[in-house]
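Because the structure is predicted, anything quoted here is derived from the model rather than measured. First listed ligand is number 1; within each ligand, the first listed atom is number 1.
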Amino acid sequence: MIRRSFLKTLGALGLAPIAAQAKLHKAPYSGQGLFLTTWRFGLESNQVAWTRLQEGGSTLDAIEAGIRRCELDPAERSVGLGGRPDRDGVVTLDACIMDHLGNIGSVCGMEGIATPLSVARAVMEKTPHVMLVGDGAQQFALEQGFPLENLMVADSEREWKQWLEKSEYQPVINIENHDTIGMIGMDASGILAGGCSTSGMAYKMHGRVGDSPIIGAGLYVDGAVGACTATGHGEEVIRTVGSFRVVQGMAQGLSPHQACKAAIEAIAEFFTRRGKDWSHTQIGFIALNKSGEIGAYSLRPGFNYAVKSADRAELLDADYLLD
Ligand code: ASP
């Protein structure tokens, strides 16, 4: 009885079909693993993740290794070490991680630690909480043995000083074609996981948090359905609970491509409804389902993503809504 009324309540909320619809994905996954990662830097990160998986790591281990590669590369200017600062000249990092069972961990606005995804994993595995912010996140990271570093590289400092001359905040579309790293994947047995890591919008207000460390917005994994991660204008992804929306779409029978497209269409509709200028906005989603199908969709052209499986390692351009 209790279960029936619980399902009825979920039904009223439009959520009931998740478990039932997940069974619709009948095609058994027979791959040896699959990774999907935002932007060009995903090619290398996917390779690192793949190697970790082949060495016997879990999907989560592989994703942590793949994202860490990007976080530690000072040449990648939107993630980890070398990420662009906020308008006060402080590099603050956001990240989150989620496994197939619904375990989650997140850090927001953390300074001085180059590998926020690993800190997010430690939050997930070693604390009774799911999210730590600012000083508290850094304090926890230091207690866990993560090194304190200066994350600002010379190029970021020079660009920030140039930006200060006008100090005009404008979300930038497709910065050098690479922003947040979001990686979702599956091992040979179909166990899903995902991670997302970023320095956020360049020259954001100090204290601003985007979608990337918010479970449901920048990342969502449902072990019975699939996974999704987002990149781009975080405020809009939070507003529409973007990644959860995509996974929900897949649970209700949409393909990953259709579910990503539907989420982008919803974002466009929210903009229209609110009468806001969205000429400087880019948002992209990537998704995969339990059957090993993949999909991606963005608001505008310019979003690409890397895919890696046993017989595939390539960069694909996402379809998009607006020219
Ligand atoms: N989604 C990130 C944020 O809003 C930025 C990005 O992916 O470009 O912080």
* To do: Apply side-chain hydrogen bond (donor to acceptor under 3.5 Å, both in side chains) to S199 and R84, showing your working.
  => CA-CA 6 Å; S199 51; R84 289 180 176 80; over 6 Å; no

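The shortest N or O to N or O distance between H233 and ligand 1 is not below 3.5 Å.
Proximity to M201 (heavy-atom distance under 4.0 Å) selects the following atoms of ligand 1: 4 (O), 9 (O). Of all atoms in ligand 1, numbered sequentially from 1 with element shown, those under 4.0 Å from a heavy atom of G234 are 4 (O). Within ligand 1, the atoms closer than 4.0 Å to a non-hydrogen atom of G232 are 1 (N), 2 (C), 3 (C), 4 (O), 5 (C), 6 (C), 7 (O), 8 (O), numbered from 1 in the order shown. Counting the atoms of ligand 1 from 1 in the order shown, those under 4.0 Å from a heavy atom of S212 are 1 (N), 2 (C). The ligand atoms of ligand 1 that sit less than 4.0 angstrom from a heavy atom of G200 are 9 (O). Using a 4.0 Å cut-off to heavy atoms of T231, the atoms of ligand 1 that qualify are 6 (C), 7 (O). Taking every heavy atom of D211 and a limit of under 4.0 angstrom, the matching atoms of ligand 1 come to 1 (N), 2 (C), 3 (C), 4 (O).
Checked for salt-bridge contact, R40 and E76 miss the test: no charged N lies under 4.0 Å from a carboxylate O. Ionic pairing of E314 and K308 is not present here: no N-O contact between side-chain nitrogen and carboxylate oxygen is shorter than 4.0 angstrom.
For R208, the closest heavy-atom approach to ligand 1 falls below 4.0 Å.
Remark: the backbone N or O of S255 is paired with a side-chain donor or acceptor of Q258 at under 3.5 angstrom.
With 3.5 Å as the limit, one finds a donor-acceptor pair spanning the side chains of S197 and E71.
Ring pair Y220/F244: centre-to-centre distance below 6.0 Å.
H233 and F271 have tilted rings, their planes meeting at an angle from 30° to 60° on a 0 to 90° scale.
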